[in-house]
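Just follow the structure's listing: the first ligand is 1, and inside any ligand the first atom is 1. Computed from heavy atoms alone, side chains included, the values below leave out hydrogens, waters and symmetry copies.
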Amino acid sequence: MKKSNLKWLLQVALLSVLIVAISAATVSATENLTVHFLDVGQGDSELLQFDGKNVLIDAGTSDMGPRVESYLRDHGVSSLDLLVATHPHEDHIGGLITILKDIPVKQVLDSGQTHTAPSFETYLNLIDQKGIPFETAQRGQTINLDPNLKIEVLSPPATLFSDDLNQNSVVLKVTYNKVSFLLMGDAGIEAENSLLSSSYNLDSDILKVGHHGSSSASSSSFLAKVKPAISIIEVGKGNDYGHPTKKTLSALQNTGSKIYRTDLDGDIVVTTDGQSYTVTTGKQPFWNTASTAPKSTSSATTWTSGGTASSTTATTTAALSSDGPFVGSAKSNKYHYPSCSGAQKIKPANQVTFSSSADARAQGYVPCGICHPP
Ligand SMILES: [Zn+2]
Ligand SMILES: [Zn+2]
C-alpha cells in the first residue's frame, strides 16, 4: 500500500473513533458523572456534577473565590446541593466565602474542627446568617445526593485524630457503578492507617492525592490498597512547601498510576458513564490563561475501569510559552501574571506591562508571591 493511502486510512479511522466517542457522549450525557479538579494554585477545589446536581468540595484560598465562582457559572452551576469543607485551612476554605456569599447552598458538610483564622470565622458566620443546614462529617455516613451515586464519608472517625486539622480532613469515596473516586483532602498517614484497619474497600480508580502530594501522606501500604489508575495532585506552581515531593511522586509511579497535576495540567476533568472514564486536561494552568501565550496541548484519554487506556485523542497542540506578558504597577515592585488577583487590582493609570520575566526583573521588579511568575 502507498504511504499516502495508509495515511488517509489512518485519518478515516481516527475520525470514526472521534464520531463514536462524540455520539456516545451525547447519548449518555444526562447519566455521566463529572468530577472537576480545579486549578486554584496552592489549594484544593473539586466540583462533582451528576444529573443536574452539584457538589463543591473546598474552593482554594480566598483569592481564588472569584475564580471558582466563575468556573461554577461557566459549568451551569447556579446553586449547590452540597458544599463540603474538608478542613479549616485557608487553602481549602478561603474561597468558600465568595461562594457562600454569591451562590445558594442547600447543605454544608464540615469536618467539625475549629480554627481561629478570620476566614474560618467568616465562613461560619455566613452559614449561620443564611440559615444553611450544617452537618459534621463522620465515618459511616452516606450522602444521599442521587440513588445512582454512592457517596461515603470514610473519615474523620468518631474520635478525632490528635489535633491535626489535616489528618481530620473529610475523606469521601464516590462510586458510580464500576468507577470510584477517593478524595483525601489533606488527610495523611495517620488517617490512612486508620482507613487501612477499617473494613472499607479502598480500591479506587481515581485518587485525589492527600495533602498536595506532600510526604506526610500517600504511604506505600495505603497506595497498595487503593491501587489508583489515575492520581490527581492539586498543587501550586513553585509553592513554598516543596509539594509534591519526589518521594510521593515515585510512590505513585510505583503503583503504576498515571499522575495528573493542576500546576502542570491546569483544570483536570474526569467524566464517567460508570463503566469507563475520560480524563481531560488541556488548558494551560490557570496562571497562564489570561496571557497571549499559545494554547498548550489539550488531550482527552479514555480508560476502562481497572485501568487500561482504550483510546487517546490529542486535539490542539502548540508550543507552550513559559514567559510573558506580565503586569506590574508603577507603585510597587511586584510583577504578576495578568490573571492574578494582584494584577487585577492595579489601577489602569499605574499599569506597566513586561514582555518577559527577564524584562520585568531588568526593571527592578520581583515575582508576585501569589501567582509565582517565573
Ligand atoms: Zn491544603
Ligand atoms: Zn491543610
Shared hydrophobic cluster for V174 and V171 (ILVMFWY, side-chain gaps under 4.5 Å):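 Not linked; separate clusters.
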Shared hydrophobic cluster for L207 and V170 (ILVMFWY, side-chain gaps under 4.5 Å):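 Different hydrophobic clusters.
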Any donor-acceptor N or O pair under 3.5 Å, side chains S119, E90: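 The answer is yes; a qualifying pair exists.
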Mutual orientation of the aromatic rings belonging to H212 and H243 [parallel < 30°, tilted 30-60°, perpendicular > 60°]: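 The rings of H212 and H243 lie parallel, inter-plane angle below 30°.
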Side-chain heavy-atom pair F134, L109 within 4.5 angstrom cut-off: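 F134 does not reach L109 side chain to side chain.
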Listed protein N/O/S atoms, distance to the Zn ion (ligand 2) under 2.8 Å: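 Correct list: H87 NE2, H89 ND1, N166 OD1, D186 OD2.
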Check: Q49 side chain, G76 main-chain N or O, donor-acceptor pair, under 3.5 Å: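 No, because the side chain of Q49 does not come within donor-acceptor range (under 3.5 Å) of the backbone of G76.
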